[in-house]
Asker: 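Take a look at the following structure, please.
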Amino acid sequence: MRSSWLRLILLLHFLLLDGQILPSQSKAATPTPPPLPALPVPSAAQLRWQRREVIMFFHFGMNTFTDSEWGTGRESPAIFDPAGLDAAQWIDDAAAAAGASLVILTAKHHDGFCLWPSRYTDHSVARSPWRNGRGDVVRELADAARDRGVDFGVYLSPWDRHERTYGRDVEYNEFYMAQLRELLTRYGTVSEIWFDGAKGKNATNMTYYFEDWFETVKQLQGSINIFSDAGPDVRWVGDESGFAGSTCWSTINRTMLRIGDAGIVNYLNTGDPRGTDWVPPECDVSIRPGWFWHKNETAKPLSQLLDIYYKAVGRNCVLLLNVPPNSTGLISKGDTVRLREFRSAIETIFGTDFAKGSKAKASSQRGGDGGGFAASNVLDGDDDTFWAPKAEEVSRGERQGYWIELSELNPWSRFNVIRIQEAIAMGQRIRLHFVFVDGAAVANGTTVGHKRLHRLETAACGRTVRIWIAESRGPPLLSEVGLHFDPFVEQSKNRAK
Ligand SMILES: *[C@@H]1O[C@H](CO)[C@@H](O)[C@H](O)[C@H]1NC(C)=O
Ligand SMILES: *[C@@H]1O[C@H](CO)[C@@H](O)[C@H](O)[C@H]1NC(C)=O
Ligand SMILES: *[C@@H]1O[C@H](CO)[C@@H](O)[C@H](O)[C@H]1NC(C)=O
Ligand SMILES: *[C@@H]1O[C@H](CO)[C@@H](O)[C@H](O)[C@H]1NC(C)=O
Ligand SMILES: *[C@@H]1O[C@H](CO)[C@@H](O)[C@H](O)[C@H]1NC(C)=O
Ligand SMILES: *[C@@H]1O[C@H](CO)[C@@H](O)[C@H](O)[C@H]1NC(C)=O
């Protein structure tokens, strides 16, 4: 008995002296710090917004009852009567069904009719027969959204074709600001506010005081994102088809942007690799031909919605999909069915990742194997962890050899979508990249950003997938790589034959 104890003690002593226990414990104690960010970087609110990927617009108001897209301001509140309005249905059957985590309501469109009982005008729901003039669409939607864990936002048209003071500089700006305050103080947290620059012909002597509005918005809602052509937080993508540029930088020079300036749409579409401001683009598009509900219109087919998804979310943007409630005050069946198909298609495509279980290696790893920036971080399903190469390579100046490779893939797994994601919290960096399957080039592109989706003409399979980053602003930092199969592109190709 005693001799076996002695032997054990001797053995432990030997191990300690030999450096097999203590030093290996202390080795893990000092992790490698992350690299410096490549400025500019997103604010916390912008980063949360970007990860939403799909959000929803509800165009609803007087136009819903007059079968028009632009009202005149002379409509009678007596015709606004969405007898079956159920905001919970908008959230459950449209927003949640499509996976949207934020909804934005047209609280007032160009016709000036207010969906909430504004104290500053009588052209509102208060004068309508709906809920005997005691209704408030803004409140009903804000409450229904909050109850279901969906965030809320508003659009307040600067152009007001009803308001008497419209066109008088100071007076109208005071009026507008008062309505803005109502919307931003009465309904709890507002996560996004949407401005456009549309202006009436009789407003030549008037300017919109955007700077005053924006500062007031930030004062009243600290974590809000302000959308306009020119930001400050989220910019317009430059078209209403929902397509971002195949080069799409979240960075841009705000000094070059003007709200309502048609001359800058290309700049808005692609952004600026040398831009000093982080103002990522949002792709607004309607599920139907029009923005408001019309009896004669129906939802776009699934294939078109998926195409929009690839060209918006798959090009570093957030997709703002408009779904117009009908004159009953409900989202029409055809639209809700299409939205479920859309979500289910996305889950089918991205629910299976053929990169899972593969081995990841890279040109280099910051801090080596235990440094915390291993190539395998791109397979962990966590957008916050990332692969970082060693920094020394930056100084070489010439085209760098940054690459990451997934190997030991199942050679029988066919994939036709390649998903690449940058760790954008550290800045957007990649300027040019190429993808190879077993050494053969299958895809290439410029920017990546939060998410880049490459659709392949023909499905690929192989043992290795290599992503070569040929140009970047500093070392590229990849958070995720995925390989997926989209059966819907195949189906539409077969139909086309
Ligand atoms: C502009 O037109 C609207 C009606 O569309 C009117 O209420 C407003 O007073 C007009 N403004 C000026 C400055 O004429
Ligand atoms: C704009 O101002 C000019 C000069 O003060 C005035 O003559 C004109 O009527 C104004 N236009 C409108 C639409 O109010
Ligand atoms: C944006 O600003 C940066 C820094 O001032 C500048 O280098 C770049 O050329 C600007 N972009 C354009 C398109 O002018
Ligand atoms: C449906 O009707 C509206 C209003 O009459 C019209 O503006 C629109 O062009 C029509 N849409 C289609 C697809 O015909
Ligand atoms: C609005 O949509 C609901 C749900 O599909 C439907 O029951 C209702 O009849 C629709 N209203 C109109 C005016 O089409
Ligand atoms: C990039 O991909 C396109 C097809 O998407 C192809 O035509 C082109 O040759 C590729 N460029 C390079 C340099 O491989």
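Numbering starts at 1 and runs along the sequence shown. When a ligand or atom number is given, it counts from 1 through the structure's own listing order.
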Asker: For ligand 4, which part of D67 has a heavy atom less than 4.0 Å away: the side chain, the backbone, both, or neither?
Answerer: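 Both backbone and side chain.
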Asker: Considering only NZ, NE, NH1 and NH2 on the basic side and carboxylate oxygens on the acidic side, decide whether R52 and D151 come within less than 4.0 Å.
Answerer: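 Salt bridge present between R52 and D151.
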Asker: Go through the structure and list residues passing side chain to side chain contact (heavy atoms under 4.5 Å, CB included) with T336, not counting sequence neighbours.
Answerer: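 Once residues adjacent in sequence are excluded, the partners of T336 under the side chain to side chain contact (heavy atoms under 4.5 Å, CB included) criterion are Q89, D93, I331, K333.
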Asker: Do T165 and ligand 1 have an N or O pair less than 3.5 Å apart?
Answerer: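 Between T165 and ligand 1 (N or O atoms, distance only) the closest approach is not under 3.5 Å.
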Asker: Which of the atoms in ligand 1, numbered in the order shown and given with their element, are less than 4.0 Å from a heavy-atom of R164?
Answerer: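 So the atoms of ligand 1 that pass are 7 (O), 8 (C), 9 (O).
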Asker: Tell me which one of E480, E53, E422 satisfies side chain to side chain contact (heavy atoms under 4.5 Å, CB included) with H450.
Answerer: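 Single side chain to side chain contact (heavy atoms under 4.5 Å, CB included) partner of H450 among E480, E53, E422: E53.
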Asker: Minimum heavy-atom separation for S286 and L321, please, with both atom names.
Answerer: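 That would be C-CD1, 4.3 Å.
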Asker: Who pairs with D111 by side chain to side chain donor-acceptor pair (under 3.5 Å), at least two apart in sequence or on another chain?
Answerer: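 D111 satisfies side chain to side chain donor-acceptor pair (under 3.5 Å) with no other residue.
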Asker: Sort out for me which residue in L156, V234, D284, I226 forms a side chain to side chain contact (heavy atoms under 4.5 Å, CB included) with W194.
Answerer: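 The option that passes is D284.
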Asker: For T216, give me all partners under side chain to side chain contact (heavy atoms under 4.5 Å, CB included), at least two apart in sequence or on another chain.
Answerer: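 Checked T216 against side chain to side chain contact (heavy atoms under 4.5 Å, CB included); matches are M177, R181, L220.
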Asker: Mark up the atoms of ligand 4 that fall under 4.0 Å of a heavy atom belonging to N296, in ascending order.
Answerer: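 What qualifies from ligand 4 is 1 (C), 2 (O), 3 (C), 8 (C), 10 (C), 11 (N), 12 (C), 14 (O).
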Asker: Mind checking whether M206 contacts ligand 1 via backbone (N, CA, C, O), side chain (CB onward), both or neither, at a 4.0 Å heavy-atom cut-off?
Answerer: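 Answer for M206: neither.
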Asker: Ligand 4 and H294, any nitrogen or oxygen pair closer than 3.5 angstrom?
Answerer: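 No - when backbone and side-chain N and O of H294 are compared with those of ligand 4, no distance drops under 3.5 Å.
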Asker: Flag the pair K295 and D67 as a salt bridge only when some basic side-chain nitrogen lies within less than 4.0 angstrom of an acidic carboxylate oxygen.
Answerer: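 Salt bridge between K295 and D67, a charged N being under 4.0 Å from a carboxylate O: no.
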Asker: Which protein N or O atoms sit under 3.5 Å from any N or O of ligand 3? Give each pair with its distance.
Answerer:
unit_1, atom_1, unit_2, atom_2, d
ligand 3, 2 (O), N253, OD1, 3.1
ligand 3, 2 (O), N253, ND2, 2.4
ligand 3, 11 (N), N253, ND2, 2.9
ligand 3, 11 (N), D272, OD2, 2.7

Asker: Show me which atoms of ligand 1 lie under 4.0 Å from any heavy atom of R161.
Answerer: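 Numbered from 1, ligand 1 contributes 4 (C), 5 (O).
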Asker: Does the N or O separation between T72 and ligand 1 drop below 3.5 Å for any pair?
Answerer: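 N/O-N/O distance below 3.5 Å does not exist for this pair.
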Asker: If the cut-off is 4.0 Å to any non-hydrogen atom of E297, which atoms of ligand 4 fall inside it?
Answerer: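 Those atoms are 1 (C), 8 (C), 10 (C), 11 (N), 12 (C), 13 (C).
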Asker: Check this for me: does any side-chain nitrogen of one of R338 and E341 sit under 4.0 Å from a carboxylate oxygen of the other?
Answerer: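 Yes.
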Asker: What atoms of ligand 1 come closer than 4.0 angstrom to any heavy atom of E163?
Answerer: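 It comes down to these atoms of ligand 1: 6 (C), 7 (O), 8 (C).
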Asker: Find the distance between CZ (R235) and CZ (R254) and round it off to the nearest 0.5 Å.
Answerer: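 It is 12.0 Å, given to the nearest 0.5 Å.
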Asker: Find all atoms of ligand 1 within a distance of less than 4.0 Å from any non-hydrogen atom belonging to H162, and give their numbers and elements.
Answerer: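 Near H162, the atoms of ligand 1 are 7 (O).
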Asker: Applying side chain to side chain contact (heavy atoms under 4.5 Å, CB included) between N63 and each of H294, H110, H109, report the one that passes.
Answerer: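 For N63, the side chain to side chain contact (heavy atoms under 4.5 Å, CB included) test succeeds with only one of H294, H110, H109, which is H109.
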